[in-house]
Amino acid sequence: MSEKNSGQRDSFSTNFGAIAAIAGSAIGLGNIWRFPYVTGENGGGAFLFIYLIFIVSIGVPVMISEFIIGRSTQRNPYGAFRLLAPGKPWFLIGLMGVLAAFFILSFYTTVAGWTLEYFYQSVTGNLGGKGHDELTAMFSSFLDHPFRPYLWFLIFMGLTALIIISGVKNGIERYTKLLMPLLFILLLLLVIRSLTLKGAGEGLKFLFRPDFSKITPKVILEALGQGFFSLSIGMGTLITYGSYIRKKDNLTRIASYVVFSDTLVAVIAGVAIFPAVFALGGSAASGEGLMFVVLPEVLHKLPFGNIFSLLFFILLAVAAITSTISVLEVIVAFLVEEKNMPRKKATVIATVSVSILGLLTVASLGSLKDFTILGKNIFGILEYLTANIMLPLGGLFIVIFTGWFLSRAILKSEMTNNGEIKTRYLPVYLVLVRYLAPVAIACVFLYSLGILKFW
Ligand code: TRP
């Protein structure tokens, strides 16, 4: 997907390659780190229930819409809207996406850096034999460390940039094909270990038995935000990736594979983490450190714990990098296609500017942690702003655009590959993008602002 220059635009070479790259973007820290921690803070089962409803009714139509916009125009998000709606302000969605990409990379790469630290700690054997309190203390002293979290951030950012510059699409495809199934198997092992701990049942109840009295406007907004974040939708990542999908691939099918696998991985991560939280004496609502204080203990309760632990954290880093490249690619494709920059220069400029905000984000959990706005540090602000506001807002405009402004002919030809394939989903898709999804997103916004009340 990467090497895009003169003449022929690059594309994924196979249908499987497209699914692997898009699932690679979707599946990442959002599933294994963020889903459990946000679920934990928002009451468990009821959150999961709403999350699943949003994934199907909003996530799928937004994803297909992004593919359609990208593939029909063969452009980055900004260029795509300029081409489809010349002289209209829709291109602002593309610009908001570029801004969101900066923000997301800043905090996401921060967390990706933590996975490298935990990989390193596994290699040196420092994670073994520690209980809940020690792991909690270890996590917070790491965040406070004067240079380690910064160093890991920069290393991760640099690796992401290298992949984007060299466009090692084949390399990435080859490795992820092998490594992601491995991560999945490791997660299943963790699930088994976690479920066989004494007291694990409470965790399952927490995740799967919805307590609807816990639903608040905040819970609903967080579920929507997590859905967008996890599926990589709402900021044009999948417009960009959609533009690399071959004309003969089936968009609806790609979207359903990606959504299914993304959701499966999130739920499995939840089943690995919550039983352990309850059995080992932590709190489900312990915030962004949840995974890092719970999983090392479970990993070390497996035979050869250290090996599983280092494998787990390095594979998680790989899952994270297939996501960070998809975010950086949005900025780079914009600079290359709209500002006529060579790919390398675009990557360097994007990486350096993201790193400035990123280092501040890392600091906001350490030396700058007393600096807060509305009770949130920079890390929290960027996360909240992107996941809960910018992405759903982007998604709202995207479905309004495809549902009400884009020509039916384009929708139809993209959904059916110019009549090559039959699809029964076109009418369903139309109802979703014209009515259900935009109304639902708008209601969530109004509801969380306190303007709309249901019960
Ligand atoms: N979805 C990824 C994850 O769950 C993160 C991600 C990649 C993303 N690209 C994105 C999130 C675009 C929002 C928008 O880890």
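As the structure lists them, so they are numbered: ligands from 1, and atoms in each ligand from 1.
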Exercise for review: Using a strict cut-off of 4.0 Å, indicate which atoms of ligand 1 neighbour a heavy atom of V327.
Suggested key: 7 (C), 9 (N), 10 (C)

Exercise for review: Please test E414 against R71 for salt bridge (Lys or Arg N to Asp or Glu O under 4.0 Å), starting from the C-alpha separation and ending with a verdict.
Suggested key: CA-CA 8 Å; E414 287 297 331; R71 194 171 69 168; 2.6 Å; yes

Point to revise | Sidechain N-carboxylate O distance under 4.0 Å for R82, E338 | key: no

Review point. Under 4.0 angstrom from ligand 1, any heavy atom of Y108?
Key: yes

Point to revise | For atom 2 (C) of ligand 1, the protein heavy atom that lies nearest, with its residue and separation | key: S25 O, 3.1 Å

Exercise for review: For atom 12 (C) of ligand 1, find the nearest protein heavy atom and state the residue, atom name and distance (0.1 Å precision).
Suggested key: T237 OG1, 3.3 Å

Check your understanding: Counting both backbone and side chain atoms, is some N or O of F229 under 3.5 Å from an N or O of ligand 1?
Key -> yes

Practice item. Please determine if M235 has a nitrogen or oxygen closer than 3.5 Å to a nitrogen or oxygen of ligand 1. Key: no

Exercise for review: Run the numbers for me: atoms of ligand 1, each under 4.0 Å from some heavy atom of I104, listed by number.
Suggested key: 13 (C), 14 (C)

**Study point:** Within 6.0 angstrom of Y37 OH, more than 12 heavy atoms from elsewhere
**Key:** yes

Review point. Which word best sums up how the rings of F107 and F379 line up, parallel for under 30°, tilted for 30 to 60°, or perpendicular for over 60°?
Key: perpendicular

Review point. What residue and atom, counting heavy atoms only, is the protein's closest point to atom 8 (C) of ligand 1, and at what distance?
Key: S232 OG, 3.6 Å

Practice item. Look at atom CZ of R253 and say whether more than 12 heavy atoms of other residues, nucleotides or ligands are closer to it than 6.0 Å. Key: no

Exercise for review: Check the angle between the aromatic planes of W90 and F81 and answer parallel, tilted or perpendicular using the 30° and 60° thresholds.
Suggested key: parallel

Point to revise | Numbered atoms of ligand 1 (with element) below 4.0 Å of S323, judged on heavy atoms | key: 2 (C), 7 (C), 15 (O)

Study note, to complete from the structure: Under 4.0 Å between heavy atoms, the region of S326 that gets near ligand 1 turns out to be side chain

Review point. Any idea which protein heavy atom is nearest atom 3 (C) of ligand 1, and the distance to it?
Key: A26 O, 3.1 Å

Practice item. Mark yes when over 12 heavy atoms from residues, nucleotides or ligands other than F208 sit less than 6.0 Å from its CZ; otherwise mark no. Key: yes

Practice item. Measure the spacing between CH2 of W114 and CZ of F313 and express it to the nearest 0.5 Å. Key: 12.0 Å

Review point. Can you find an N or O of G30 that's nearer than 3.5 Å to an N or O of ligand 1?
Key: yes

Check your understanding: Considering only heavy atoms, does L391 approach ligand 1 within less than 4.0 Å through its side chain, its backbone, both, or neither?
Key -> side chain

Practice item. Could you tell me whether L374 atom CG has more than 12 heavy atoms of other residues or ligands within 6.0 Å of it? Key: no

